[in-house]
Amino acid sequence: SYPILIKDKVVGCSLIFSNHFKDISDYDLNYFDNLFDSYVHGIDFIEKFDELRHHQLYENKLNEFYNNYYNGIGLDEIFDSMKGMARLFFKYDRFTICLVDPNKNNAKVKFIDGFIDDFDKGFEFDLHSSIYGISITKNQSVSSLQLDIQNKKDAGNQSKNFEIFFSSPLRSIGKSIGSITIERDEPINLSKLEKDKLKKLAAVLSSVIKWRNDYLAIESVAMHDGLTGLLNHNAFLNRLEQEVDRSNRFQTNLGLIMLDLDKFKQINDTYGHLYGDYVLEEVALIIKKNIRTIDVVGRYGGEEFSVILVNTNVR
C-alpha cells in the first residue's frame, strides 16, 4: 500500500496485489514510486493551472469593472454591477459593503447580498459597536480568527452570528471610508487567495468611489456660486429648462421669482466690497430659509437672485 500525498496531506492510497511480497522487486517498487509521483505532479499542475486561469479571469473582470466606470454613475449602480462578480468569485452567505457617514460616528450598509433576515440595505450602525466597523476603525483587513468569540457575539448588532468573517477596508487617501465584508455560515476559512482577491476588489472600488466623489466636488464647484453657494447663472438656467419640461410633461404649475437688490452699488461705494459680499451672503441665506426643499434658488447676476417655485399655484 502506498499513500498518495498532495501538499503533505494524505488524499488516498494505492494498492499493489501479489501472491507474495517477495515477488515484488526493487525495480517494481521504483516504477510505482515514479508512477505515483507523476500522478501527484499531474494533479498539482492541473490545480495550479486552474487557479491561474481563475485568477486571470478575476483580473479581467476587475479591469472590466474598473474601465466601465464613468463619471455621474450612482453608488447604487456601482454596487449592483458588482453582484455578479461577487457571486462568481467568492463563496459567502452574506456579502456586505458599508460606507462611513462623515457627519456622524457611524456607517451605513450600502449593499448587501445573501442573508438579510436581521438587517438590510440602509441599516446604520455605530463604528465601535459592530463587527462591520472593526476593519474601518483599524484601517486594516480583519478576519474572524483575529476576533475573540465574545467580541464577535457582542459587537454585531445583528441576531445572526456567522462562523467565518473577513472584512477589508475601503480607503480614500489612506483613510478608511468603508468596508467590504464576507461572512460564511460554514466553518471554512477563506484561503489566502480569496483574501487577496477581496483586498484587490476593495482597492479598485476605493478608487472608483474616490473618482466619483472628486467628480461630484468638481461638478459642484462648476455649478455653484463661490460666494453664496447658490446655483450660478448657467446652472440655474439649465435647471429652469428641466423644471419647465417636467411641468409641461406632468401638467403641473411652476413659479419664477426674480429679485434685485436696489441701490446695491451705494453699499459697495459706502462700506466697501467686503461688506457688499456680506450683504449678498445674508440675502442668499434669507432666501434659502424661506423656500421649500423642492424649490430652486440661484444667483442670477451680481445682485440678482432667482427662485423656481416647483409645483405651486402661488401667484
Side-chain angles (χ1 to χ4, degrees), residues 69-78 99-108 110 124 171-178 206-315:
Y69 167 76
Y70 61 90
N71 289 331
I73 187 173
L75 281 178
D76 288 342
E77 293 176 83
I78 293 173
L99 289 181
V100 173
D101 185 336
N103 300 316
K104 303 176 184 177
N105 192 31
N106 67 6
K108 181 181 289 187
K110 305 297 291 187
E124 292 189 34
R171 298 187 180 97
S172 178
I173 319 178
K175 182 180 178 181
S176 296
I177 59 169
S206 295
S207 295
V208 170
I209 291 174
K210 184 179 184 304
W211 288 348
R212 178 181 179 275
N213 291 340
D214 288 346
Y215 169 79
L216 292 177
I218 293 171
E219 183 184 48
S220 179
V221 170
M223 291 178 59
H224 291 83
D225 172 56
L227 178 64
T228 62
L230 303 178
L231 290 178
N232 59 32
H233 180 87
N234 289 334
F236 181 83
L237 289 181
N238 289 336
R239 185 63 184 274
L240 177 60
E241 184 178 350
Q242 293 172 9
E243 293 301 335
V244 170
D245 288 342
R246 193 198 313 273
S247 176
N248 290 333
R249 188 164 64 251
F250 296 104
Q251 293 298 297
T252 58
N253 295 317
L254 189 71
L256 177 63
I257 300 175
M258 302 291 293
L259 300 91
D260 180 83
L261 300 184
D262 291 337
K263 302 177 181 179
F264 182 72
K265 185 176 182 301
Q266 293 183 13
I267 295 176
N268 280 332
D269 292 343
T270 305
Y271 301 102
H273 288 280
L274 286 179
Y275 191 79
D277 289 347
Y278 167 75
V279 171
L280 291 173
E281 290 180 88
E282 287 299 306
V283 170
L285 187 61
I286 291 170
I287 295 174
K288 285 192 287 186
K289 284 184 176 179
N290 288 276
I291 61 173
R292 301 166 302 168
T293 55
I294 62 171
D295 295 331
V296 183
V297 58
R299 185 180 178 188
Y300 196 78
E303 67 273 18
E304 300 169 327
F305 298 88
S306 306
V307 181
I308 304 171
L309 301 175
V310 179
N311 193 18
T312 180
N313 57 5
V314 175
R315 298 180 183 275

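Keep in mind the model is a prediction, meaning the values are calculated, not measured.
The nearest pair of heavy atoms linking Val307 to Phe236 is N-CZ, 4.1 Å. The two residues Arg292 and Val310 come nearest to each other via the heavy atoms NH2-O, 2.5 Å. The two residues Arg246 and Thr252 make their nearest non-hydrogen contact at O-OG1, 4.5 Å. Residues His233 and Tyr300 come closest through the heavy atom pair ND1-O, 2.9 Å. Between Ile308 and Leu240, the shortest heavy-atom contact is CD1-CA, 3.6 Å. Of all heavy-atom pairs between Met258 and Ser306, the closest is SD-OG, 3.2 Å.
In this structure, the side chains of Thr312 and Leu254 stay at 4.5 Å or more apart for every pair of heavy atoms. The shortest side-chain heavy-atom distance between Leu309 and Asn253 does not fall under the 4.5 Å cut-off. Side chains of His224 and Leu231 form a contact here, defined as non-hydrogen atoms less than 4.5 Å apart. Residues Asp260 and Glu303 are in side-chain contact: their nearest non-hydrogen atoms beyond the backbone lie under 4.5 Å apart.
Of the residues listed (Asp225, Thr228, Asn232), the one engaging Arg299 in a side-chain hydrogen bond (donor to acceptor under 3.5 Å, both in side chains) is Asp225, and it is the only one.
A distance-only check finds a donor-acceptor pair linking the side chain of Thr270 to the backbone of Gln266 [under 3.5 Å]. With hydrogens and angles disregarded, a donor-acceptor distance shorter than 3.5 Å links the side chain of Glu77 to the backbone of Gly74. Without hydrogens or angle criteria, Asn290 side chain to Ile286 main chain gives a donor-acceptor distance under 3.5 Å.
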Next item on the list: Could you go through the side chain to side chain contact (heavy atoms under 4.5 Å, CB included) check for Ile78 and Val208 one step at a time?
Entry: CA-CA 9 Å; Ile78 293 173; Val208 170; 3.8 Å; yes
Note to self: Is there a side chain to side chain contact (heavy atoms under 4.5 Å, CB included) between Val297 and Lys288? Walk through the geometry before answering.
What the structure shows: CA-CA 7 Å; Val297 58; Lys288 285 192 287 186; 4.0 Å; yes
Checklist line | Chi angles and distances behind the side chain to side chain contact (heavy atoms under 4.5 Å, CB included) call for Lys108, Leu99 | finding: CA-CA 6 Å; Lys108 181 181 289 187; Leu99 289 181; over 6 Å; no
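Taken to the nearest 0.5 Å, the CG atom of Asn311 stands 6.0 Å off from the CD1 atom of Ile294. The structure places CD1 of Ile267 at 7.0 Å from CG of Leu261, a figure rounded to the nearest 0.5 Å. The line from CG of Asp101 to CD1 of Ile177 is 12.5 Å long, rounded to the nearest 0.5 Å.
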